[in-house]
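Read the structure below first, then the notes.
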Amino acid sequence: MKQHLHTLFTQALEQLKTDGIVPVEAQPSVHIERARDAKFGDFACNLAMQLAKPAKQKPRDLAALLIERLPASDSIEKVDIAGPGFINIFVAASTQYAVIPQVLAQKDAFGHSHTGQGQKVLLEFVSANPTGPLHVGHGRGAAYGAALGQLMRAAGFDVFCEYYVNDAGRQMSILGMSVWLRYLELCGEELTFPSGAYQGDYIWDIAADVHRANGDAFRHAANLVFADVVADEADGGDKDKHVDALIVKAQTLLGEADFNTVFETGLNTILDDIRRDLSGFAVEYEHWFSERSLTGTGLVDKAVKTLQNNGYVYEDKGALWFRSSDFGDEKDRVLVRDDGRPTYFASDVAYHLNKVERGFDHLINIWGADHHGYIPRVQAAMEAMGTNKEQLTVLLVQFATLYRGKEKLQMSTRSGKFVTLRELREEVGTDAARFFYVMRKSEQHLDFDLELAKSQSNDNPVYYIQYAHARVARVLERLEEQGKTWVHDETHLGLLDTEHEQALLTRLSRYPEMIEAAAKAYEPHQIAYYLRELANEFHSYYNAHKIIIDDDSLRNARLSLSMAVQQVLRNGLALLGVSAPEKM
RNA sequence: GCCUUGGUAGCUCAGUUGGAUAGAGCGUCCCCCUCCUAAGGGGAAGGUCACAGGUUCGAUUCCUGUCCAGGGCACCA
């Protein structure tokens, strides 16, 4: 409808130019917007006000001239001039009602569009280091990413979701070493656990697995392990050097094969846990991409070479640097350290090169807001490798703060004291968690109140929306109990003339526009708000009018409307990964 | 210091490429089930859209500056 009106007004504009009322060079943007109040009709156009200046005429006069030249259309009931020069459009009743058969026919596909034109999009999100369980901070990225993926699919994009597994590098070595030390403690060795190692209880669990499978085979005397190792911070030494020295000790004492056994046990245990966690959170990936596969297949070397060949790499103090400052980054970045090991950044360059080579039209990364300083260098790398930097979009997700009522929950990853995503799911349920995470714009800080998410009351928007869905199901149930059946008959939809019904019809017809706008802006929260409105209007309707009445025609019309509402609620909730229960 | 995201009702937040009287939920106050689930509905009160300039017929929206808050500025990931 919006499209249709756009076409009509563009034609009228051209006619005004032909008639010499508006100068030919005027290029106003024809903007059709939804009226914010029913008394202003259904749509409004501000074209006349834009033309006032170039045409040197009063907006309201121009509006009249514009309307005279508007091509006739069956979809339009009438047009009005209002306020400073708005043209208000009232849509014909028959067009209004058409949305019901549309929803009922298209079912789950209602609201889908082709705006994405099948563009191939790689959506990377969460990508947390497999060094511990996912916590509530990751949950937001997961919920946002999954919802965005579904949303973009609905808008006609070909979305491929990927999790980048950082299974290489120092953090992983620390993980292996941490597991080993806990294992030694299980063997009966006494030692002081390093402050820079992973403190969480899950390390004990993994160590126990290693011990069950291998007995004392990897045991070495604690005093031997800690001999000649730089002191920890608590003993006046350096935390990081202490950890690094212990990693070397672990590798030499155990040998590569045994260290790998310990390390792999840790990695696989945690990764399996993460997979289970996300899948239980209704977050699915097409692919899990291993960082180690990059080094293993020489892709990192290839990426560095590509940058080198393009002339953006130089050597300084034994390290290889990428001249990212040529592309707007604030300083150059190291690719290969002076000891020959590639940096995390080098892997990332390789990963992005690989993404482009896999033929994706558009890359979207969802990162925590703390990584925002990283964006310029990755974009610089994209440009330096000869790809368009527009091809990469980085979306930032701000932190979530957990509250239990008024009380703020303190968290710290370092000490291993954090609320895991699993605990959150177990406490508030997947539906509430998924919804609360995407309820806010992603770049907004999020206050997540556990009490509210758990509460089964109208304070809780999730239940509110689900309840509207369940109510329709209940109506249908009652209908059957009374020995009646719902017969969808388009010819009686005209009976839906109450204010409540009109409001619902308008709301339903806006769903496709909302999906399109939300996908374009990467804003799944728009779905949450829309659903709240729709549920609200349905609840009002339900209270004001009885659906199961004696009049067959009106009853069936109301049932058709209710079923359409239920369908759209279901579609929207599905995009957010929230269930639509038949009964509550 | 530089970069970045915010500042809208008591609280948490929306606000459609600049438009008509700035909205919602919670909280507060009042009201509605002999009626399809009251996990619901109706109503009231509540605002200097942080502040100051600028652009515009028109600014919560765009530009500049100031103040306040979160985050970031590694040969860590």
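Atoms considered below: every heavy atom in the structure, side chains included; atoms not considered: hydrogens, waters and symmetry mates. Convention: sequence-line order gives letters A, B, ...; per-chain numbering from 1.
Across all strands, Q398(A) comes closer than 4.0 Å to base atoms (heavy-atom distances). Among the heavy atoms of the strands lying under 4.0 Å from A470(A) is at least one base atom, whether or not backbone atoms are also near. K317(A) comes within 4.0 angstrom of a base, heavy atoms only. Nucleic acid contact for Y529(A): sugar-phosphate only, since backbone atoms but no base atoms lie under 4.0 Å from a heavy atom of the residue. Using a 4.0 Å heavy-atom distance criterion, D338(A) is classed as a base contact. Residue-level contact check: E330(A) touches the backbone only, with heavy atoms under 4.0 Å from sugar-phosphate atoms and none from bases. Within 4.0 Å (heavy atoms only), N536(A) reaches sugar-phosphate atoms of the nucleic acid but no base atom. Heavy atoms of H525(A) sit under 4.0 angstrom from primed sugar atoms or phosphate atoms, though from no base atom. Using a 4.0 Å heavy-atom distance criterion, A82(A) is classed as a base contact. Using a 4.0 Å heavy-atom cutoff across all strands shown, A369(A) reaches sugar-phosphate atoms only and no base atom. Contact annotation for A44(A): base contact, defined as any heavy-atom pair under 4.0 Å involving a base atom. Base engagement by F40(A) is indicated by at least one non-hydrogen atom pair under 4.0 Å involving a base atom. Nucleic acid contact class of R471(A) (heavy atoms, under 4.0 Å, all strands): sugar-phosphate only. D167(A) comes within contact range of no nucleotide atom at all, as no heavy-atom separation falls under 4.0 Å.
The side chain of Y464(A) contributes an N or O atom lying less than 4.0 Å from OP1 or OP2 of G41(B). Between Y541(A) and G41(B) there is no side-chain polar atom (N or O) within less than 4.0 angstrom of OP1 or OP2. Residue S540(A) places at least one side-chain N or O closer than 4.0 Å to OP1 or OP2 of G42(B).
One cannot find a donor-acceptor pair under 3.5 Å joining the base of A77(B) and the side-chain atoms of D370(A). Within 3.5 Å, a donor on the side chain of N543(A) pairs with an acceptor on the base of G40(B), or the reverse. Between the side chain of K39(A) and the base of U21(B), a donor-acceptor pair under 3.5 Å is found. A donor and an acceptor atom sit less than 3.5 Å apart, one in the side chain of H371(A) and one in the base of A77(B). With hydrogens and angles ignored, a donor-acceptor pair closer than 3.5 Å exists between the side chain of H372(A) and the base of C3(B).
Atom CD of Q3(A) has 12 or fewer neighbouring heavy atoms from other residues, nucleotides or ligands inside a 6.0 Å radius. Applying the 6.0 Å contact sphere to CG of D339(A) captures more than 12 heavy atoms from other residues, nucleotides or ligands. Under a cut-off of 6.0 angstrom, the local environment of NZ in K241(A) is sparse, with at most 12 non-hydrogen atoms contributed by other residues, nucleotides or ligands. Residue E499(A) qualifies as open at atom CD: its count of foreign heavy atoms under 6.0 Å is 12 or below.
With rounding to whole Å, H545(A) atom NE2 is found 20 Å from G40(B) atom P. The distance between atom NZ of K441(A) and atom P of C13(B), rounded to the nearest whole Å, is 12 Å. Remark: P of A77(B) and CG of L335(A) are 13 Å apart, rounded to the nearest angstrom. When the P atom of A59(B) is taken as reference, atom CE of M49(A) falls 13 Å away, rounded to whole Å. E537(A) places its CD atom 10 Å from the P atom of G42(B), with the value rounded to the nearest Å. Atom CD in Q50(A) sits about 16 Å away from atom P in A59(B), given to the nearest Å. With rounding to whole Å, R440(A) atom CZ is found 13 Å from G25(B) atom P. We find that CZ of F538(A) is positioned 14 Å from P of G40(B), with the value rounded to whole Å.
With both pairing distances under 3.5 Å, A45(B) is matched to nothing as a Watson-Crick or G-U wobble pair. Across all strands shown, U34(B) has no partner, as no Watson-Crick or G-U wobble contact with both distances under 3.5 Å is found. The partner of A14(B), taking Watson-Crick or G-U wobble pairs whose two distances both stay under 3.5 Å, does not exist in any strand shown. Checking U21(B) for Watson-Crick or G-U wobble geometry (two distances, each under 3.5 Å) identifies no partner in any strand.
Side chain of Y374(A), nearest nucleotide from A77(B), U16(B), G15(B): A77(B).
Between R170(A) and D240(A) there is a salt bridge, since a side-chain N of the basic residue sits under 4.0 Å from a carboxylate O of the acidic one.
Here Y542(A) and H500(A) keep their ring centres 6.0 angstrom or further from each other.
Ring geometry, Y164(A) versus F289(A): the interplanar angle falls from 30° to 60°, so the pair is classed tilted.
Geometrically, R377(A) does not engage F322(A) in a cation-pi contact defined by less than 6.0 Å to the ring centre and at most 45° from the axis.
Stacking of the aromatic ring of F86(A) onto the base of A20(B) is found: the ring centres lie under 5.5 Å apart and the planes are inclined by under 30°.
Here the separation of A59(B) from C68(B), taken at their C1' atoms, is 23 Å to the nearest Å.
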